[in-house]
Trainee: 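Right, I'll just put the structure down here and ask away after.
Throughout, protein chains are lettered first and strands after them, A, B, ... in sequence-line order, and every chain is numbered starting at 1. What's counted below: heavy atoms across the whole structure, side chains too, no hydrogens, waters or symmetry copies.
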2 protein chains.
Amino acid sequence: MNVGEVAALAGVTVRTLHHYDRIGLLSPSGRTAAGYRRYAPADLDRLHRVLVYRELGFPLEEVATLLDDPAADPVEHLRRQHRLLLDRLERTRAMVAAVEKEMEARQMGIALTPEERFEVFGEHDPAQYEAEAEERWGDTEAWRQSQQRTRGYTKADWVRIKAEGEDVERRFAEALRAGVPADSEQAMDVAEEHRQQISRTFYDCPPGMHAGLGRMYVEDERFTAHYERIAPGLAQYVSTAVQANAARQEG
Amino acid sequence: MNVGEVAALAGVTVRTLHHYDRIGLLSPSGRTAAGYRRYAPADLDRLHRVLVYRELGFPLEEVATLLDDPAADPVEHLRRQHRLLLDRLERTRAMVAAVEKEMEARQMGIALTPEERFEVFGEHDPAQYEAEAEERWGDTEAWRQSQQRTRGYTKADWVRIKAEGEDVERRFAEALRAGVPADSEQAMDVAEEHRQQISRTFYDCPPGMHAGLGRMYVEDERFTAHYERIAPGLAQYVSTAVQANAARQEG
DNA sequence: CTTGACCCCGACGCGACGTCAGGCCGTGCA
DNA sequence: TGCACGGCCTGACGTCGCGTCGGGGTCAAG
């Protein structure tokens with residue numbers, strides 16, 4: 001198929017297909033002698049997946065990494081898409097409920113507090129971050145626990161949680177600056193507090209799992225970026241401290 | 001409240017609030033002597049509405065016109081938001097169903113046709129255009145009819161419909177080029193066919209309603225653009241022909 | 001062999017912010 | 001009383017996902 005036909009079929013513009021080609025997200029598997037793009041059925045499969053993920057709010061670059069992951073077969077994608085769509089359904093339902101709640105309140109002449117009104121937006125930007133978290137942790141017990149608990153949190157809770165988190169981070173940063181070794185008692189104590197904070201706030205986080213988190217802090221560039229922005233070297237420092245503490249707790 | 005507090009409450013960044021201020025979408029109702037933005041409760045109300053409409057896919061400029069419409073009270077906004085959210089719910093459900101259908105098909109070893117797979121995307125881009133159409137026609141009988149009928153259309157139907165539509169447009173364009181007056185019999189006949197096409201395909205369109213459409217073709221720049229792209233002067237030409245025909249049919 | 005529809009590529013534009021940079025404000029605590 | 005530190009200010013430039021020309025080849029139908 002030519003680009004125009006594919007575009008019409010998929011409900012996108014030709015320009016979009018050009019764009020996807022240029023950024024390497026979806027390059028047609030062939031070209032005619034004259035340079036015309038030729039799309040094979042497999043390309044349509046890929047395009048379809050691209051469009052679903054795009055609709056779900058993933059940036060195109062991440063869509064690419066998802067689709068190019070060699071360890072992800074078609075069924076895997078379908079399952080993931082299904083999960084994410086159900087999430088979205090849930091969220092939309094929540095928003096409908098919020099609007100209805102407000103209509104009722106208005107009818108009865110009472111005003112909602114700003115906190116109540118903004119609740120449905122709170123924190124994480126709509127689709128994106130949540131979509132990705134779900135994508136990564138989707139069917140672990142920890143994720144479910146976290147989802148359940150955090151649903152009940154009020155705005156005030158969140159403020160407190162954020163403050164607590166930043167407090168621990170600050171103490172890590174101070175220890176780092178003071179030259180306290182990452183595998184020292186002092187650093188491990190902060191790590192232990194970090195672990196307990198997570199357990200209290202989000203989900204049961206035994207030392208083993210905490211060690212896994214620690215590894216991620218240096219392997220996932222987003223977490224790395226988060227800590228490095230506080231202080232250079234902090235990501236590695238926290239990672240080491242957390243893993244040392246896990247060894248101590250378990251041993 | 002200061003901008004930081006508002007941002008935290010609403011789950012947006014300070015930069016976003018700055019942006020909304022600069023483009024005039026949401027300017028805080030006051031400033032301190034030092035130039036700090038001060039947000040009043042009424043500003044929070046407005047922000048809330050902005051965020052809901054934004055989430056629904058409206059471009060900010062349109063959000064502004066919606067909110068600045070003097071003829072739209074709070075209840076009106078709530079009702080509109082409710083409608084749009086229900087739509088979105090519906091659409092998400094359709095996508096979930098599509099994914100489930102594909103999972104089943106895969107289980108049974110059968111392949112879906114590309115048309116089936118892309119069906120849920122087809123035509124109109126996801127949120128936006130639909131949102132706007134609903135916004136404009138939301139609770140008219142015509143809109144409901146159109147929604148009902150078009151739901152049942154297959155890809156093949158759409159191809160045919162598009163071809164028919166373009167045929168009529170082409171005939172208008174030819175008449176215009178040939179110097180046939182817009183209120184001549186010939187032009188009115190094409191207009192009448194246009195009306196019947198709409199009635200067959202989308203919703204009952206009596207002459208009076210058709211005349212309304214005709215007016216819109218020159219008043220709404222999107223329709224104008226559509227026709228002007230085919231031939232300069234065509235929007236006015238079609239508009240006149242349609243209204244002349246309506247007068248003839250009714251008279 | 002000429003239209004007119006379709007395709008190519010490059011380049012600029014745009015919406016909705018993100019992200020510095022450089023500098024003023026305000027307050028807690030030494 | 002000073003000053004450090006977080007919060008706020010205003011430009012200004014960067015980014016993402018395309019839309020929109022402009023100039024130019026291609027291909028099937030008449």
Side-chain angles (χ1 to χ4, degrees), chain A residues 1-8 10-28 30-39 50-51 53-64 125-129 162-163 166-167 170 173-174 222 225-226 228-230, chain B residues 1-8 10-28 30-39 50-51 53-64 125-129 162-163 166 169-170 173-174 177 222 225-226 228-231:
Chain A
M1 297 179 76
N2 280 351
V3 318
E5 301 171 306
V6 174
V12 301
T13 69
V14 170
R15 178 65 176 90
T16 299
L17 294 177
H18 283 180
H19 185 58
Y20 292 174
D21 188 0
R22 176 137 1 147
I23 67 174
L25 174 56
L26 172 64
S27 296
R31 293 265 189 158
T32 71
Y36 283 29
R37 273 164 257 255
R38 306 251 62 206
Y39 291 83
V50 166
L51 294 183
Y53 283 126
R54 182 187 74 168
E55 170 94 18
L56 282 166
F58 286 85
L60 297 185
E61 201 181 319
E62 278 199 42
V63 173
D125 56 322
Q128 195 152 317
Y129 196 86
K162 200 176 168 206
E166 282 166 357
D167 182 52
R170 196 158 41 239
E174 274 165 27
R222 263 167 328 216
H226 171 74
E228 292 302 300
R229 221 170 40 180
I230 300 173
Chain B
M1 296 179 75
N2 279 351
V3 5
E5 301 171 306
V6 174
V12 301
T13 68
V14 170
R15 178 63 175 92
T16 299
L17 293 177
H18 283 181
H19 185 58
Y20 291 173
D21 188 0
R22 177 132 2 149
I23 67 175
L25 173 57
L26 172 65
S27 296
R31 294 263 188 160
T32 69
Y36 282 29
R37 273 163 258 254
R38 306 250 63 204
Y39 291 84
V50 166
L51 293 184
Y53 283 125
R54 180 186 77 168
E55 171 93 19
L56 282 167
F58 286 84
L60 297 184
E61 201 181 320
E62 279 198 41
V63 173
D125 56 321
Q128 195 151 318
Y129 197 87
K162 200 177 167 206
E166 283 166 357
E169 284 169 1
R170 196 159 39 240
E174 273 166 28
R177 199 179 43 190
R222 261 166 328 209
H226 170 74
E228 291 302 300
R229 222 173 37 182
I230 300 173

Trainee: Figure out the CZ/P separation between R54(A) and dC16(D), and round it to whole Å.
Mentor: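 Atom CZ in R54(A) sits about 17 Å away from atom P in dC16(D).
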Trainee: Rounded to the nearest 0.5 Å, what's the gap from CG on L51(A) to OG1 on T16(A)? Could you check?
Mentor: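 Between atom CG of L51(A) and atom OG1 of T16(A) there are 9.0 Å.
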Trainee: Please list, chain by chain and in numerical order, all residues satisfying side-chain contact (heavy atoms from CB on, under 4.5 Å) with A33(A), sequence neighbours excluded.
Mentor: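 Not a single residue meets the side-chain contact (heavy atoms from CB on, under 4.5 Å) criterion with A33(A).
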Trainee: Atom CZ of R15(A) and atom C1' of dC14(C): how far apart are they, to the nearest Å?
Mentor: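 Taking atom C1' of dC14(C) as the reference, CZ of R15(A) is at 13 Å.
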Trainee: Between the protein and nucleotides 23-25 of chain D, which nitrogen or oxygen pairs come in under 3.5 angstrom?
Mentor:
unit_1  : atom_1 : unit_2 : atom_2 : d
dG25(D) : N2     : Y36(A) : OH     : 2.9

Trainee: Can you check the L26(B) CG to dC17(C) P distance for me, whole Å?
Mentor: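 To the nearest whole Å, that distance equals 12 Å.
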Trainee: Between atom CZ in R38(B) and atom C1' in dC25(C), what is the gap in whole Å?
Mentor: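 From R38(B) CZ to dC25(C) C1': 13 Å.
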Trainee: If you only use heavy atoms from C-beta on, which nucleotide in dG17(D), dA16(C), dC25(C) is closest to the side chain of P59(B)?
Mentor: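 Taking heavy atoms from C-beta onward, the closest nucleotide is dA16(C).
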Trainee: Identify, with sequence neighbours excluded, every residue that meets side-chain contact (heavy atoms from CB on, under 4.5 Å) alongside V6(B).
Mentor: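 For V6(B) the side-chain contact (heavy atoms from CB on, under 4.5 Å) partners, ignoring immediate neighbours, are M1(B), L17(B), Y39(B), L44(B), L47(B).
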Trainee: Please determine, for the side chain of R37(B), which listed nucleotide (dG26(C), dC9(D), dC18(D)) has the closest atom?
Mentor: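 In terms of side-chain proximity for R37(B), the closest of dG26(C), dC9(D), dC18(D) is dC9(D).
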Trainee: Any residue in residues 17-25 of chain A with a heavy atom nearer than 4.0 angstrom to DNA chain C? Just list them by number, or reply none.
Mentor: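 Of all residues in residues 17-25 of chain A, the ones placing a heavy atom under 4.0 Å from DNA chain C are H18(A).
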Trainee: Do V12(A) and H19(A) have side chains that get closer than 4.5 Å, going by heavy atoms?
Mentor: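 Sidechains of H19(A) and V12(A): no contact.
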Trainee: Between R31(A) and dC9(C), does any side-chain N or O lie under 4.0 Å from OP1 or OP2?
Mentor: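 Yes, R31(A) has a side-chain N/O under 4.0 Å of OP1/OP2 on dC9(C).
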Trainee: Mind checking what makes side-chain contact (heavy atoms from CB on, under 4.5 Å) contact with E61(A), not counting sequence neighbours?
Mentor: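 For E61(A) there are no side-chain contact (heavy atoms from CB on, under 4.5 Å) partners, ignoring immediate neighbours.
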Trainee: Nearest-Å distance, CD (E5(A)) to C1' (dC27(D))?
Mentor: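 Rounded to whole Å, this separation is 13 Å.
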Trainee: Could I get the full list of side-chain contact (heavy atoms from CB on, under 4.5 Å) partners for S27(B), not counting sequence neighbours?
Mentor: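 So S27(B) forms a side-chain contact (heavy atoms from CB on, under 4.5 Å) with D21(B).
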Trainee: If the condition is side chain to side chain donor-acceptor pair (under 3.5 Å), which residues does R38(B) pass it with, not counting sequence neighbours?
Mentor: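 Result, side chain to side chain donor-acceptor pair (under 3.5 Å) vs R38(B): N2(B).
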Trainee: Check the distance between dG17(D)'s P and E55(A)'s CD and give it to me in whole angstrom.
Mentor: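 Taking CD of E55(A) and P of dG17(D), I get 15 Å after rounding.
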Trainee: Mapping A33(A) and L60(A) onto DNA chain D by nearest heavy atom, which one lands closer to the 5' end?
Mentor: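 That would be L60(A).
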Trainee: Side chain of V3(B), heavy atoms from C-beta onward: which of dG19(D), dC17(C), dC8(D) has the nearest atom to it?
Mentor: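 Closest of the options to the side chain of V3(B): dC8(D).
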Trainee: Name all residues meeting the side chain to side chain donor-acceptor pair (under 3.5 Å) criterion together with H18(A); count only those two or more places apart in sequence or in a different chain, and write none if there are none.
Mentor: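 Expected list: R37(A).
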Trainee: At under 4.0 Å, does any side-chain N or O of T13(B) touch on OP1 or OP2 of dC17(C)?
Mentor: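 No, outside the criterion.
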Trainee: How close or far is atom C1' of dG15(C) from atom OH of Y53(B), stated in whole angstroms?
Mentor: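 Result: 20 Å.
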Trainee: DNA chain C: E61(B) or T32(B), which has the more 5' nearest nucleotide?
Mentor: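 Result of the comparison: E61(B).
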